[in-house]
Amino acid sequence: MSIKQNAEIAALRKVYNWLDQDPANRLPKLGEYIDSYIPAGSTLGDQLEAIKSVLGDSENNWFQLIFSIFTEIDSDVRRTIFENFVINATVRAGEIHDKLTLQYNCNIPWAILMDPTSACNLHCVGCWAAEYGNRLNLSYEELDSIIHQANELGCYFFLYTGGEPLVRKADLIRLCEAHPDSMFSAFTNATLIDEAFANEMLRVKNFIPAISAEGFEKSTDSRRGQGTYQKIMSAMQILKEKKLPFGISACYTSANVQDVGSEAYFDQMIEWGAKFCWFFTYMPVGKEAVPELMVSAEQRKFMYEQIRKFRQTKPLFTMDFWNDGEYSKYDESNGPGYPGGCIAGGRRYLHINANGDIEPCAFIHYSDSNIRENTLLEALRSPLFMAYRRDQPFNENKLRPCPVLDNPGALTKIVAESNAKSTDYMAQESAREYSDKCVEKAENWAPVADELWKSSGH
């Protein structure tokens, strides 16, 4: 680490310790304290300025969110999140990423998604997992190796997908223990979260679930099965009582968009105790997908407007991985402050499935590398990932970031040029077949997105 980075980390720890002693009285004074101790040119400059801008008003939703983290989350868990997510995954990682991006001329991920297993205990509409079952698994040793390799690349943030990751919860806790300097999360249906697992989370301190909920009870159970909603409620209550942080993962579809985008649902997530929500739109991945669940242009616009509106009023951190492309920034090697768009292909993250295939995105089931044959760095420099790097952004309008949903043909070209193969578990599907399902949606969204892009000042 550089002298500058050491100084920044020391200053951040000093500010955190000061605030942690008396958050109720010191949070309003945090801006002044930051100016006194955080050096100029901080890695967290933009984030710190955003925090300072809301500290003068205790009624501000961001003030309330920060305050709730200091009053509703276990203090040891909170400190671990600060060290692993803020210090390691953000400050330490930044310097390493810049160096390796220039050294290898490839994308270096900030986060890695990986599937411990293809198995799932539910049978959700539009998902292949229940049919495929426990056929594929990454071993503990393989998961451990991925984390070690990623740490060498400056990546300290890992998210488990699946299948249902908590089918392997004993191994996930073991990995938390083996890598106490990293932060872990999981997209989970939450039905396997019980008192015993919550106690393990409290012990290791570096695991945060993102609980999948499709809205209220009717819409959740209609897709995930009768009784699922109540099991989710039970899991969240356990986590809340133990002062463990968690968030929500909400997939909005043509069937549930009015629920998921409603003010009542945002208020419900906050009442549950969630501190964040990741929003996804339904993607017709695989031959068994249900294209009818894809949202219309009007419904996608509705989510765009609702999420932005409630960011200004609700104490909940939200991110929409399609409609928030403008907030993703490219590395300096791609131009200072250049608005990003697509974050896949290792630019911010990549995905490793339960067969070890290294994919650009959790929704892009094509690969030319496997973790059992290639290192992470080799995959990042493979033809598929280098084609992603070359073609990003896929559209100058960052409200049209995706090479499939928003720009059909972009993925088809990349797959053909890189000779990548389909990794779909159930049935091989060509990139053209996948993209063709999105052509009409892309055509309908384009004029809406262009109008939103212009009206928002771009």
Side-chain angles (χ1 to χ4, degrees), residues 6 8-27 29-30 33-34 37-38 44 47-48 51 62-93 111 144 147 151 155-160 165-166 169-188 190 192-211 234-248 270 272-276 315-317:
N6 276 322
E8 181 177 2
I9 290 172
L12 285 168
R13 285 175 175 153
K14 186 179 182 68
V15 170
Y16 180 89
N17 291 336
W18 174 82
L19 179 60
D20 197 38
Q21 293 171 13
D22 186 8
N25 291 312
R26 291 183 174 179
L27 188 56
K29 305 173 185 176
L30 182 58
Y33 205 75
I34 286 173
Y37 288 96
I38 303 298
L44 298 174
Q47 294 93 324
L48 292 175
I51 290 172
W62 294 106
F63 182 103
Q64 292 172 4
L65 177 60
I66 296 169
F67 185 69
S68 75
I69 292 171
F70 278 87
T71 55
E72 298 174 8
I73 303 300
D74 177 84
S75 60
D76 290 336
V77 172
R78 185 175 65 245
R79 184 172 292 276
T80 299
I81 294 171
F82 170 77
E83 285 291 331
N84 292 3
F85 193 79
V86 178
I87 299 297
N88 294 341
T90 304
V91 179
R92 291 186 195 278
D144 183 62
I147 297 167
N151 287 166
C155 176
Y156 291 90
F157 186 34
F158 303 91
L159 302 97
Y160 297 112
L166 295 192
K169 58 185 176 182
D171 280 337
L172 302 193
I173 290 295
R174 186 181 170 196
L175 289 164
C176 288
E177 292 179 295
H179 301 276
D181 58 348
S182 294
M183 202 69 230
F184 298 91
S185 184
F187 293 101
T188 174
L192 300 177
I193 294 177
D194 53 18
E195 289 273 353
F197 183 67
N199 287 334
E200 287 292 88
M201 288 174 56
L202 198 57
R203 180 175 64 84
V204 298
K205 303 176 181 61
N206 57 343
F207 184 89
I208 303 176
I211 297 172
S234 175
M236 290 193 290
Q237 186 61 35
I238 290 171
L239 296 172
K240 189 175 182 179
E241 289 175 354
K242 293 185 181 296
K243 304 188 78 172
L244 285 163
F246 66 91
I248 304 297
I270 295 164
W272 285 335
K275 300 304 176 191
F276 61 87
L316 182 76
F317 180 84

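Positions are given from 1 along the sequence.
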**Inter- and intrachain pairs under salt bridge (charged side-chain N to carboxylate O under 4.0 Å, His left out), touching residues 76-92, at least two apart** = Arg13-Glu83, Asp20-Arg78, Asp20-Arg79
**Complete:** Quick note, salt bridge (charged side-chain N to carboxylate O under 4.0 Å, His left out) partners involving residues 196-206, not counting sequence neighbours, are Glu177-Arg203, Glu200-Arg203
Restricting to non-hydrogen atoms, name the atom on [X] and the atom on [Y] that form the minimum distance, rounded to 0.1 Å.
X	Y	value
Pro209	Met201	CD-CE, 3.4 Å
Asn206	Ser182	ND2-O, 3.1 Å
Phe276	Ala210	CE1-CB, 4.1 Å
Phe82	Leu12	CZ-O, 3.5 Å
Ile208	Pro245	CG2-O, 3.5 Å
Asp144	Ala178	OD1-CB, 4.3 Å

To the nearest 0.5 angstrom, please state how far the [atom1] atom of [X] sits from the [atom2] atom of [Y].
X	Y	atom1	atom2	value
Thr90	Phe157	OG1	CZ	9.5 Å
Phe70	Asp22	CZ	CG	11.5 Å
Ile211	Phe246	CD1	CZ	5.5 Å
Thr80	Ile87	OG1	CD1	12.5 Å
Ile193	Met236	CD1	CE	9.5 Å
Cys176	Met183	SG	CE	7.5 Å

**Message:** Any carboxylate oxygen within less than 4.0 angstrom of a Lys/Arg side-chain nitrogen, looking at Lys169 and Asp194?
**Reply:** yes
Which label fits [X] and [Y]: parallel for a plane angle under 30°, tilted from 30 to 60°, or perpendicular past 60°?
X	Y	result
Phe158	Phe184	parallel
Trp62	Phe317	perpendicular
Trp18	Tyr33	parallel

How about [X] and [Y]: do any of their side-chain heavy atoms sit closer than 4.5 Å?
X	Y	value
Leu19	Leu27	yes
Tyr156	Asn84	no
Leu202	Lys243	no
Lys242	Glu195	yes

**Message:** When you measure from the side chain of Asp74 to the backbone of Leu244, do you find a donor-acceptor pair of N or O atoms at a distance under 3.5 Å?
**Reply:** no
**Prompt:** So Phe197 and Ile173, side chain to side chain contact (heavy atoms under 4.5 Å, CB included) or not? Walk me through it.
**Reply:** CA-CA 9 Å; Phe197 183 67; Ile173 290 295; 3.7 Å; yes
